[in-house]
Participant: 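Dropping the structure in here first, questions after.
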Amino acid sequence: MALKKIYTFGGEPAQRHLTVADFIQLRGTCKFTSTVPGTEEEAMACAEAGIDHLSIWDTMTPIIRAGAPNAFISATLPMTQYATKDEILRAAIKAAEAGADAIQTPRSLEVVEMLVKEGLSVQGHLGLVPRRSTQVGGLRIIGKTAQEALELLEDFRRLEEAGAFAVEVECVADNALEAVRHHSKLVTHSIGAGSAGDVILLYLEDICGDVENPPRHARAFGDLRSIRKELSNERLRALQYFKNAVLDGTFPGALESVSMPENEHFALQEALAKRTPVHS
């Protein structure tokens, strides 16, 4: 998409490929991609690959924004780092000031309403919220019964009424999401919830094949783990070769050393011969 001129929440002029209004307008008409970069280099790769949406922790916003200046970024506020509403609001405003386009939170509807009232764009989190998994009997798929899918729809409705424009839907039965999404205006981000979501989210390490035991909903599109293992092995080999070369006297050798000119070396030897050596 063509770049659009905007001002950030912090009042800085910027350009984005996608805006909140775009996601709302295009909901249900096309698919978007999302992942979770953790470094500026990863953010640059996401931008070059054309990933539409980046989901990150709030404190990473300046770093990820530097790597992907035109990407849409949702900054997630950790549940345990900010306790009071004042702390949550300050953190949300700080992330938005740093360039986040939306704030994601799995917190209460009151918190969502508070952030929306302050002019922030908010994305919720429904389905399986891992940090609350004990409340639903562990890590499992949500919405495998009609009753649970209807309860999920009610959660959608309440979140929408609180002012959120989007929701991350995690580990939900695919046909449950397909059914309930038509009864809500929320832009849906699916992770482990099938292909019905407007935005398909997958962690970057899962995409790149950098995980030994990926979750069931993930698919590796690369093999970084094997490459990292080979890099690790090569690092170990190099260190071992270095140590052995030092011990056997082959390093440093003539190629890695610089000698005095022969006449200067001879003059040095003559001068030192007149001195009493100090034995260490």
Participant: Between the side chains of Asp58 and Lys94, is the shortest nitrogen-to-carboxylate-oxygen separation below 4.0 Å, so that they form an ion pair?
Facilitator: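 Judged by the 4.0 Å cut-off on N to carboxylate O distance, Lys94 and Asp58 do not form a salt bridge.
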Participant: Which side-chain N or O atoms in residues 169-176 pair as donor and acceptor under 3.5 Å with protein atoms at least two apart or in another chain?
Facilitator:
unit_1: Glu170; atom_1: OE1; unit_2: His125; atom_2: NE2; d: 2.9

Participant: Taking only Lys NZ, Arg NE, NH1 and NH2, and the carboxylate oxygens of Asp or Glu, determine whether Arg237 and Glu234 approach each other closer than 4.0 Å.
Facilitator: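 Yes, charged N to carboxylate O under 4.0 Å.
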Participant: Taking the side chain as every heavy atom from C-beta outward, state whether Phe221 and Leu202 have any pair of such atoms under 4.5 Å apart.
Facilitator: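 Yes. Closest side-chain heavy atoms under 4.5 Å.
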Participant: Using a strict threshold of under 4.0 Å (side-chain N to carboxylate O), is an ion pair present between Arg65 and Asp101?
Facilitator: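 Looking at Arg65 together with Asp101, the answer is yes, because their closest N to O distance falls below 4.0 Å.
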Participant: How long is the gap from OG1 on Thr19 to CD1 on Ile6, to the nearest 0.5 Å?
Facilitator: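 Reported value, rounded in 0.5 Å steps: 8.0 Å.
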Participant: In residues 259-277, what donor-acceptor pairs under 3.5 Å come from side-chain atoms, sequence neighbours left out?
Facilitator:
none

Participant: Using the salt bridge (Lys or Arg N to Asp or Glu O under 4.0 Å) rule, pick out the option among Glu110, Glu113, Glu118 that qualifies with Lys85.
Facilitator: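 One option only clears the test, and that one is Glu110.
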Participant: Treat each ILVMFWY residue as a node, draw an edge where side-chain heavy atoms are under 4.5 Å apart, and state whether Leu152 and Val136 are in one component.
Facilitator: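 Yes, Leu152 and Val136 fall within the same hydrophobic cluster.
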Participant: From Glu148 CD over to Ile142 CD1, what is the distance, rounded to the nearest 0.5 angstrom?
Facilitator: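 Result: 4.5 Å between the selected atoms.
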Participant: Answer yes or no: is there a side-chain heavy-atom contact under 4.5 Å between His53 and Leu18?
Facilitator: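 SC-SC contact between His53 and Leu18 ruled out.
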Participant: Just verifying a value: how many Å separate Asp206 CG and Leu224 CG, rounded to the nearest 0.5 Å?
Facilitator: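 It comes to 11.5 Å.
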Participant: Which residues pass the side-chain contact (heavy atoms from CB on, under 4.5 Å) test with Ala102, sequence neighbours left out?
Facilitator: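 Ala102: side-chain contact (heavy atoms from CB on, under 4.5 Å) contacts with Phe72, Ser74, Ser121, Phe165.
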